[in-house]
Amino acid sequence: MPQFLDAREPGFEARFQALLGSKREDAPDVDDTVAAIIADVRQRGDEALVELTAKFDRLQLTPDTLAFTDDEIDAYCAQVPAAERAALELAAARIRAYHDRQLPRDESWTDEAGATLGWRWSPVSAAGLYVPGGLASYPSSVLMNAIPAQVAGVGRLVVTVPTPDGAVNPLVLLAARLAGVHEVYRIGGAQAIAALAYGTATVRPVDKITGPGNAFVAAAKRRVFGKVGIDMIAGPSEILVIADRDNDPDWIAADLLSQAEHDESAQSILITDDEAFGQAVARAVEARLETLERRAIAGPSWRDYGAVITVRDLAQAAELSDRIAPEHLELCVADADALAARITHAGAIFIGAWTPEAIGDYIGGPNHVLPTARSSRFSSGLSVLDFMKRTTLARMSPEALGAIGPAAETLARSESLEAHGLSVRLRLDRLNGAGQ
Ligand code: HSO
Ligand code: ZN
């Protein structure tokens with residue numbers, strides 16, 4: 001059974017806080033193993049990659065076969081059925097159109113002192129996208145990671161994907177193609193992250209690593225952070241649905257299950273202003289769980305971490321939602337726009353009953369790599385900006401230096417940094433005709 005909470009009852013606050021604080025992820029401590037793997041790849045390069053891939057993926061490679069050739073990728077892409085190809089192409093086009101609008105503008109202006117100031121954006125030179133193997137290898141995630149990088153103008157886009165026993169999902173390779181990926185390597189785990197961060201004879205290093213992965217990949221990303229940039233360490237998926245009684249309980253049940261089926265540690269929460277409706281949704285979830293293909297995952301997620309919360313009104317729903325700060329927020333109420341306007345903390349909002357969260361996972365346009373574990377309080381989903389950085393620009397005219405330089409000199413003196421002050425003073429003296 002999921003938890004049933006009622007915000008109108010005494011004792012609610014304590015139960016709600018317990019829900020907020022519930023620890024869902026029990027990441028195994030793999031840091032020592034990961035440290036050893038990274039050290040090995042740094043020391044032995046390709047040789048270590050070949051050995052570790054034989055050990056973990058039961059695949060014998062050589063440095064020459066670490067990368068897929070273009071012909072191999074072509075052959076896999078040709079295996080993709082037409083309907084899947086068309087769907088992936090539509091998704092790629094829509095995601096690209098959305099992310100095109102995120103390209104930031106350079107700025108430049110001259111202020112009243114005569115100083116010309118501004119900034120300029122530029123892409124990172126090379127980005128590496130980690131794609132998990134096996135069950136969790138989602139082609140949609142390849143698009144969501146690679147397209148923002150492509151839009152940012154990243155010059156070199158690299159994918160690593162483990163291929164256990166040599167098996168790869170052809171859709172992953174097609175997605176990489178559609179998103180303009182330049183190189184694809186058959187490596188995974190901490191060794192792939194190490195290769196991307198430090199480089200080997202075959203895999204040239206990148207500047208930024210993004211993409212989901214298991215505990216080993218997450219630990220490796222944490223370790224190489226600083227040497228390279230990383231996106232985020234994503235936790236298990238979450239959905240919060242706010243729904244009024246004028247919804248089909250079965251629709252809402254499916255929406256809750258859509259994230260529960262990702263992971264036993266995923267969390268699905270319903271907030272409603274109608275207790276009977278909440279009960280009806282819970283019954284619909286149970287009914288669906290009888291036959292759902294992934295009931296072995298969705299069932300434990302719903303029963304261990306699922307919750308149905310009854311509230312006084314939608315204003316209270318919005319308040320609680322902001323405290324939860326969910327990854328995905330679905331608003332199935334009469335005036336969904338008005339409710340959306342009240343929300344501040346959510347990774348992505350899906351407005352109205354005709355917008356199931358799954359649209360956002362695949363085809364809507366916004367990114368599906370989103371902040372989990374309440375981190376939407378302070379962070380955002382993956383975007384074009386994650387693959388860009390900003391360089392500030394300043395140009396002083398002699399008059400500008402004359403106007404603002406003396407204050408710099410004063411501050412330099414107050415910090416006892418003589419050379420700082422001197423670098424300004426020498427120029428000011430020249431301006432004043434002294435020190436010639
Ligand atoms: N909802 C997941 C992403 C995903 N769903 C991929 C389907 N495929 C995390 O936001
Ligand atoms: Zn999903």
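Just so you know, residue 1 is the first one in the sequence shown, and it goes up from there. The figures that follow rest on heavy atoms only: side chains count, while hydrogens, waters and symmetry mates do not. Both ligands and their constituent atoms are indexed starting at 1 by order of listing.
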Atom 6 (C) of ligand 1 has as its nearest protein heavy atom H368 CE1, 3.4 Å
Atoms of ligand 1 less than 4.0 Å from Q259 heavy atoms?
1 (N), 2 (C)
Give the residue and atom name of whichever protein heavy atom lies nearest to atom 2 (C) of ligand 1, and the separation in Å to one decimal.
H262 NE2, 3.3 Å
Does the side chain of H368 reach to within under 4.5 Å of the side chain of E327, using non-hydrogen atoms?
no
Salt-bridge contact R24-D304 (side-chain N to carboxylate O under 4.0 Å):
no
Taking distance alone, with no angle check, do S141 and ligand 1 share an N/O pair under 3.5 Å?
no
Yes or no: does E327 have any heavy atom under 4.0 Å from an atom of ligand 1?
yes
Walk me through it: do R303 and E286 pass the test salt bridge (charged side-chain N to carboxylate O under 4.0 Å, His left out)?
CA-CA 10 Å; R303 289 174 192 134; E286 291 304 331; 2.8 Å; yes
For the 3.5 Å polar cut-off, considering only N or O atoms, please tell me whether D361 and ligand 1 meet it.
yes
Under a 4.5 Å cut-off applied to non-hydrogen side-chain atoms, are D361 and Y138 in contact?
no
Are the aromatic rings of H99 and F387 close, with centres under 6.0 Å apart?
no
Subset of ligand 1 atoms that lie under 4.0 Å from at least one heavy atom of H328
1 (N), 10 (O)
State the atoms of ligand 1, each with its element, that fall below the 4.0 Å cut-off from a heavy-atom position in S140.
6 (C), 8 (N)
Between R42 and Y198, is NZ or CZ placed under 6.0 angstrom from the six-membered ring centre and within 45° of the ring axis?
yes
pair F68-T163: side-chain heavy atoms closer than 4.5 Å:
yes
Using a strict cut-off of less than 4.0 Å between a Lys/Arg side-chain nitrogen and an Asp/Glu carboxylate oxygen, indicate whether R222 and D31 qualify as a salt bridge.
no
Given R245, which partner from the list D273, T272, D274 fulfils the side chain to side chain donor-acceptor pair (under 3.5 Å) test?
D274
Show your reasoning for whether side-chain hydrogen bond (donor to acceptor under 3.5 Å, both in side chains) applies to T310 and E275.
CA-CA 6 Å; T310 306; E275 188 172 359; 5.1 Å; no
Sum up the protein N, O or S atoms located under 2.8 Å from the Zn ion (ligand 2).
2
